[in-house]
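Okay, structure first, notes after.
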Amino acid sequence: MKIVSVLNHKGGVGKTTFCGCTAQALALVGFRVLAVDNDSQHNLSAMLGTGVCSPGLHDVYCSSADSAPAVLLRSIRHTGLANLHIVTSSRELCDADVADMHFLRRVIDACDLGRFYDFVLIDNAPGMDRLQVSSVYACSEIFVPTELRQFAVDGIVEMAKTLSSEHPFGGRITRIIPNFYRDTKRQNSFAEALRRLFPGMVTATAIPADSVFDELVTEGKILFLHRFSSRGAAYYLKLIHELFDMSEEKVWNMVLAKRDERRSEEARERFKGFGK
Ligand SMILES: Nc1ncnc2c1ncn2[C@@H]1O[C@H](COP(=O)(O)OP(=O)(O)OP(=O)(O)O)[C@@H](O)[C@H]1O
Ligand SMILES: [Mg+2]
């Protein structure tokens, strides 16, 4: 089981969108995925269609070490996709008193989640407070979606320094994913700067700026089922192939098969309704 924390000091860079779309893609390809919403804004819980559920992650943090594993297991919810489950968040999470930043890791280990999941993806609020640091200790890898701007590059450099100086035993930044890409000279120069600063970590695939991502959230749709022909979907599939070392063709074929399966189920349901 691989545990990935999706993190960036900066807000609005696409962390939740990345976490949600990647979790859905991995689940469609057949992996068993647990998404963890570690952000009191609970955007991931909304994006994956469950909304706020009780118990949720706040209850896990508020539980004793003995009872927390059972609370975590009870917090796991189904989403609209088979293979994709979520632990939801709520506004109260910002009041969670995270005294021990290794707590989340211990709880995950105690649940032996590897029996049930291939991937755990943790979405985080912007910043680097105790909640985010808990996810750093819980994960083995940190993925950083980013804009291509001066402050974004500066922010990642600072984040990398903080992680190595203050949390040397937590997960490490392994991938940096350019988002909102428009192929301008300016953006390309920031992408180059990032590649020099973080050799081998910046993905070759940059996610284009595409209004499809806003539509997904507003309409409660799934990128790979409902907006399969968008540029956003095409680039996300390339990204999955790159990040998780999967054959691009396999990813396409499995997602296509799932989409067709879903369409025929929907058609069958509509057909059942005729004549009633
Ligand atoms: N590639 C993209 N092109 C266009 N819009 C995008 C793209 N990626 C994300 N967005 C949109 O940008 C907004 C911010 O994205 P998102 O919520 O994923 O960022 P975030 O980093 O999780 O924000 P926060 O720091 O508040 O948690 C959303 O409205 C989302 O739909
Ligand atoms: Mg977010």
Side-chain angles (χ1 to χ4, degrees), residues 4-25 35-52 56-58 86-91 93-94 96 121-129 131-136 139 142-149 151-156 158-159 173 175-184 187-188 190-191 194 202-224 226-240 242-243:
V4 175
S5 181
V6 180
L7 195 63
N8 193 326
H9 271 257
K10 267 182 80 57
V13 293
K15 296 180 291 297
T16 303
T17 307
F18 170 82
C19 207
C21 291
T22 303
Q24 288 168 337
V36 178
D37 192 346
N38 193 37
D39 178 358
S40 63
Q41 299 179 97
H42 52 82
N43 294 152
L44 186 66
S45 311
M47 184 175 174
L48 297 186
T50 52
V52 172
L57 194 57
H58 177 251
I86 182 170
V87 176
T88 69
S89 169
S90 58
R91 195 191 50 75
L93 191 62
C94 58
L121 300 182
I122 309 175
D123 185 33
N124 290 283
M128 185 69 90
D129 294 323
L131 274 175
Q132 289 89 337
V133 175
S134 294
S135 87
V136 165
C139 75
I142 298 171
F143 287 4
V144 187
T146 182
E147 299 167 307
L148 293 168
R149 294 170 189 266
F151 288 160
V153 174
D154 295 348
I156 298 176
E158 200 175 309
M159 189 165 97
I173 297 177
R175 305 316 292 264
I176 298 171
I177 302 122
N179 192 20
F180 299 102
Y181 184 57
R182 289 196 165 84
D183 196 11
T184 62
Q187 281 193 329
N188 288 333
F190 286 122
L194 273 176
V202 183
T203 56
T205 312
I207 302 302
D210 188 337
S211 58
V212 74
F213 296 108
D214 264 341
E215 288 164 27
L216 296 176
V217 176
T218 317
E219 298 169 23
K221 302 284 190 206
I222 295 172
L223 181 64
F224 307 100
H226 304 110
R227 294 289 188 277
F228 189 71
S229 319
S230 64
R231 282 184 81 217
Y235 278 86
Y236 251 98
L237 283 185
K238 272 186 171 302
L239 185 64
I240 300 299
E242 194 182 337
L243 288 174

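Whatever order the structure lists ligands and atoms in, that order sets their numbers, starting from 1. None of these values were measured; they are calculated from a predicted model.
Of all the listed residues (V6, T16, N8), T16 holds the heavy atom that lies closest to atom 17 (O) of ligand 1. The option with the heavy atom closest to atom 21 (O) of ligand 1, from among E147, R231, K15, is K15.
Protein heavy atoms all stay at least 4.0 Å away from atom 13 (C) of ligand 1.
Among protein heavy atoms, the minimum distance from atom 15 (O) of ligand 1 is reached at T17 OG1, 3.7 Å. In this structure, the protein non-hydrogen atom closest to atom 19 (O) of ligand 1 is G14 N, 3.0 Å. The protein non-hydrogen atom at the shortest distance from atom 6 (C) of ligand 1 is F180 CE2, 3.3 Å. For atom 24 (P) of ligand 1, the closest non-hydrogen atom of the protein is G12 N, 3.5 Å. Among protein heavy atoms, atom 3 (N) of ligand 1 sits closest to D210 N, 2.9 Å. Atom 2 (C) of ligand 1 has as its closest protein heavy atom F213 CD1, 3.3 Å. Scanning all protein heavy atoms for the shortest distance to atom 31 (O) of ligand 1 gives D214 OD1, 2.8 Å. For atom 8 (N) of ligand 1, the closest non-hydrogen atom of the protein is N179 ND2, 3.1 Å.
The distance criterion of under 3.5 Å between nitrogen or oxygen atoms is not met by F18 with respect to ligand 1. Considering backbone and side-chain atoms alike, I207 places every N or O at 3.5 Å or more from each N or O of ligand 1. Between A209 and ligand 1, no pair of N/O atoms sits closer than 3.5 Å.
Contact annotation: the side chain of M47 never approaches that of C19 to less than 4.5 Å [non-hydrogen atoms, C-beta and beyond].
With respect to the salt-bridge test (charged N to carboxylate O, under 4.0 angstrom), the residues E219 and K221 do not qualify.
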Problem set entry | Evaluation steps, side chain to side chain contact (heavy atoms under 4.5 Å, CB included), between L57 and D37 | CA-CA 7 Å; L57 194 57; D37 192 346; 5.9 Å; no
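Shown in contact with G11 at under 4.0 Å from a heavy atom are these atoms of ligand 1, numbered in order with element: 25 (O). Taking a cut-off of under 4.0 Å to the non-hydrogen atoms of P208, the atoms of ligand 1 that pass are 1 (N), 2 (C), 3 (N). Atoms of ligand 1 lying under 4.0 Å from any heavy atom of D39, numbered from 1 in the order shown and given with element: 27 (O). Heavy-atom proximity to Q41, at under 4.0 Å, picks out these atoms of ligand 1: 24 (P), 26 (O), 27 (O).
Across N124, D123, D39, N43, a single residue satisfies side-chain hydrogen bond (donor to acceptor under 3.5 Å, both in side chains) together with T16, and that is D123. The one candidate from L239, I177, L243 that meets the side chain to side chain contact (heavy atoms under 4.5 Å, CB included) condition with T205 is L239.
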